[in-house]
Amino acid sequence: MDFNSRKALATGVAVAALMAASTALAQTAVPSVTEPEASSVDDIIVTAQRRSQRLQDVPVTVTVFGAEELEQARIKDVDDVATRTPGLQFDAFPASQPRIAIRGIGSTDRGAAGDPSSAVFLDEIYLGRPGMVAFDAFDIERIEVLKGPQGTLYGRNVVGGAINVVTQRPDLDAFGVSTETTIGNYGRLEGAAVLNAPFAEGRAAVRASGSWRTHDGYTENSFTGGEVDDQDTRSARIQIAAQPSDTVRLAFTIDGTRDRAAGPANRVLDLDDSDPLSMFWTVNRDRDSFAGSTDGFQNRDTWGVRAEAQFDLSFATLTYLGGYRNLDYSTAYDFDGGNPTTNFIQISGGNDEQTDATSHELRLSSLPDSPVQWVAGIYNYDSDVHRLDTLILDLGGEGTETYDQDAQLTSYAVFGDISVPVGDRLSLIGGLRYTDDQKDYRISNTSGDSIFRGEEAFDVSASASFDALTWRVGADYALADNHLLYVMVSRGFKSGGFQDIPATAEEAADPFDPEYATQFEIGQKSVFLDGRLVWNNTLYTIDYTDLQTRRTLPSGAVVTDNAGAATITGYETYLSWRPFGGARIVAGYGYTDATFDDYFVDDTTNYAGNRIARAPEHKLVLSPSYDWDLAGGATIRAAVDYRYESLIYEDNSNTGPERREPTNIYDARIIYTDASARWSVSLWGKNLGDEVTRSFQGAFLGANFGAYAPPRTYGLSLNWTL
């Protein structure tokens, strides 16, 4: 069946499902959809299954950060989310191109025809390119991290999991204003504000929010006299919501983020003594300074619009969700962190990318009080990516190599999911999704004056289509009120693609295959002691096949392979306990055993038994806090966050210096809140032990190049709400 036939089949099935229910449109409409109520102080409402549920009722492993925690713990971006979430890893090299991995499943492929393995959604809109992950966590209702394949409900490229960022929605009932101001070391200055204003006699409201975050560079450039690893980020969001009738809800959002920074401070961290080229490099492990021949730059502009319409029918809610995202970024930096006086070889370069992406979803979902909960719909995603990869190599004479990439993607899907109660305590769950992707690709390395990583000059065009049926099946059982057991088997799929830095025309035209993951998960969620103790546990194993892995060859060329198979097994636990008075202890732990079963790199080398890169075996997050009630009604909260990660391999070979040693990170904060709860002041610090840890590494040409995570930072924040 060709692509157009499959597309027609997928669309036809979904349209038929929607039309089959349309005969009820003339019946009396029901009241607006309402959310369930939380029953304990630690409960939170989530939409992990594309409907509103109490977190403790969701048969999926989810880590959630609510608005209060986001504010008080200074969780400002996806990096901060990752440091506090067992099973979630994040790094960015450079900062405009983050890499996310969940339960050992992630991707380092940033090529125009590649895809992430774990996805980020902003108010349900898919952020399909790494550079689009640039939200500011001010005025955010919650952030949900869903672990394991989510292909049925969330679609393409959620093999490892999904991160849902849910913004605060306009309030149709009340006018409101709030602000946040921060000062700190490294010249940190931050400001943010939000305004909510109802109009049209309470039938509509507008909500506008914006933030500005700046700090000086963490790293000095001793060669140029400048600073790098700085920040100048500005974000804004305007939302309009309307409810013209009790059964119709409309929403429109436009948002954008502008980043400007120097760096990154890449440098030579280690030498490969077996390579003769190692003699040309100078090692620099001083996190606070480097001697790059240029400060570099990291510029990113990304924005988007979102439109949603909901209609309550007598039997279901009909929802249309549309989105457009635009990305424009440019980076250039000194890769070796040296200059002609320190390194005989000079390496620099960067990336430029322009992306336009649109998405449309039409779905029907059951009403909140329906005994059978279900959702069905159709989905379309299109993207157009132009990417330029530049490498400048100076070996006594400068040469420039470029890879121009253009990729167009058209993706269609039809999906359905259902939860059926069997008696008072047991529910059976099932879901299906069919996805069809068409990729058209053109790549050329002819515009530069040199070829370093390639073996020949070429200009190649190619096309490929990929389709898959993903699914989930499971059950949950309520042992008693607030005690849930569940079992779930889910399958995810990540589309195939094309090489972004191929060596030959043949490699450029040959697509790599999709990857698949099937997860078997058993979980328990319980609330004890009248809501003062929440304890959740999960055991899982993932059968990971044809996984897309990347290797850097000695020449610097990067190859994406389909490894044979891997098995990932793990255990995760979450505990929230209020033992007495104002005391609270929150703890999370994740054990991840992610190893290759079969991965032949060549005819003689098999990585079977090796750990998957960027997947620590142990990760612990511990956050004790205590609240003091003062005379007059004011409060003081003292809190500490401790995070531990075990050894991380940066390369699937598990050899050489490309590894991150175990880390111990301490954050702390003291927060005073006045009796009216209208304003608060927070004294905070991050990485108080000034732990030195590497955030990225890559070895070639006789050296291991990399960068460091931020040093100790601290500051004072003032929050005020009208």
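What's counted below: heavy atoms across the whole structure, side chains too, no hydrogens, waters or symmetry copies. Keep in mind it's a predicted model, so treat the numbers as computed, not measured. If you read the sequence from its start, that first residue is 1, and numbering goes on from there.
- T693 and T663 form no side-chain donor-acceptor contact under 3.5 Å, judged by distance and modelled atom types alone.
- Between Y666 and Y642, the ring planes are tilted. Angles from 30° to 60° get that label.
- No donor-acceptor pair under 3.5 Å is formed between the side chain of T331 and the backbone N or O of Q298.
- A salt bridge links K686 with D80: the closest approach of a Lys/Arg side-chain nitrogen to an acidic carboxylate oxygen falls below 4.0 angstrom.
- At a threshold of 4.0 Å, the pair R659-E650 does not count as salt-bridged, since none of the basic side-chain nitrogens sits closer than that to a carboxylate oxygen.
- Inspection of the Q150 and S490 side chains reveals no N or O donor paired with an N or O acceptor under 3.5 Å.
- No hydrogens or angles considered: a donor-acceptor pair under 3.5 Å links the side chains of T355 and E353.
- Side chain of Q524 to main chain of L484: no donor-acceptor pair is present (N/O by atom type, distance under 3.5 Å, no hydrogens or angles).
- R694 has a carboxylate O that lies under 4.0 Å from a charged side-chain N of D270, or vice versa, which qualifies the two as a salt bridge.
- Using a cutoff of 4.0 Å between basic side-chain nitrogens and carboxylate oxygens, R472 and D417 are scored as salt-bridged.
- With hydrogens and angles left out, the side-chain atoms of Y154 and N164 include a donor and acceptor closer than 3.5 Å.
- Side chain of Y644 to main chain of L622: no donor-acceptor pair is present (N/O by atom type, distance under 3.5 Å, no hydrogens or angles).
- Nearest heavy-atom pair, N606 versus D598, reported as atom, atom and distance to 0.1 Å: ND2-OD1, 3.6 Å.
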**Request:** Show the numbers, then the answer: is there a side-chain contact (heavy atoms from CB on, under 4.5 Å) between Y126 and V158?
**Result:** CA-CA 10 Å; Y126 175 55; V158 282; 5.9 Å; no

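- Side-chain contact between M488 and I429 is present, with heavy atoms from C-beta onward closer than 4.5 Å.
- In this structure, CZ on R643 lies 10.5 Å from CD on E691, to the nearest 0.5 angstrom.
- At distances below 3.5 Å, not a single donor-acceptor pair connects side-chain atoms of E572 with backbone N or O atoms of L539.
- Residues K494 and D109 are not paired through a salt bridge, judged by the lack of any N-O separation under 4.0 Å between the basic side chain and the carboxylate.
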**Message:** Set out, in order, the CA-CA distance, both residues' side-chain angles and the distance that settles salt bridge (charged side-chain N to carboxylate O under 4.0 Å, His left out) for R550 and D561, then state yes or no.
**Reply:** CA-CA 6 Å; R550 285 165 68 84; D561 301 313; over 6 Å; no

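- Counted by atom type alone, Y591 and S646 present zero donor-acceptor pairs between their side chains at under 3.5 Å.
- The distance from atom CD1 of I143 to atom OG1 of T167, rounded to the nearest 0.5 Å, is 11.0 Å.
- A donor-acceptor contact shorter than 3.5 Å links the side chain of N654 to the backbone of R611.
- Neither side chain, T85 nor K147, offers a donor N or O lying under 3.5 Å from an acceptor on the other.
- Between E658 and Y649, the side chains place no donor N or O within less than 3.5 Å of an acceptor N or O (distance only, hydrogens not considered).
- T573 and W535 share a donor-acceptor pair across their side chains, judged by distance under 3.5 Å alone.
- Neither side chain, T518 nor D543, offers a donor N or O lying under 3.5 Å from an acceptor on the other.
- Classification of R84 and D79 as a salt-bridged pair fails, no side-chain N sitting under 4.0 Å from a carboxylate O.
- Distance OG1/T595 to CG/N652: 11.5 Å, rounded to 0.5 Å.
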**Request:** Could you please spell out the steps behind the salt bridge (charged side-chain N to carboxylate O under 4.0 Å, His left out) verdict for D389 and R110?
**Result:** CA-CA 10 Å; D389 185 286; R110 297 174 301 201; over 6 Å; no

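- Proximity of a side-chain donor or acceptor of R300 to a complementary backbone N or O of G131 within less than 3.5 Å is detected.
- Side-chain contact, Q231 with D259: no donor N or O sits under 3.5 Å from an acceptor N or O.
- Below 30°, between 30° and 60°, or above 60°: for F596 and Y599 the angle between ring planes is between 30° and 60°, a tilted geometry.
- Using bins of under 30°, 30° to 60° and over 60° for the plane-to-plane angle, the ring pair F335/F696 lands in the perpendicular bin.
- Residues R387 and Y329 have side chains that bring a donor and an acceptor to within less than 3.5 angstrom of each other.
- For an aromatic pair to be called close, the ring centres must be under 6.0 Å apart, and Y441 with F498 satisfies this.
- Looking only at side-chain heavy atoms (C-beta outward), T605 and D602 come within less than 4.5 Å of each other.
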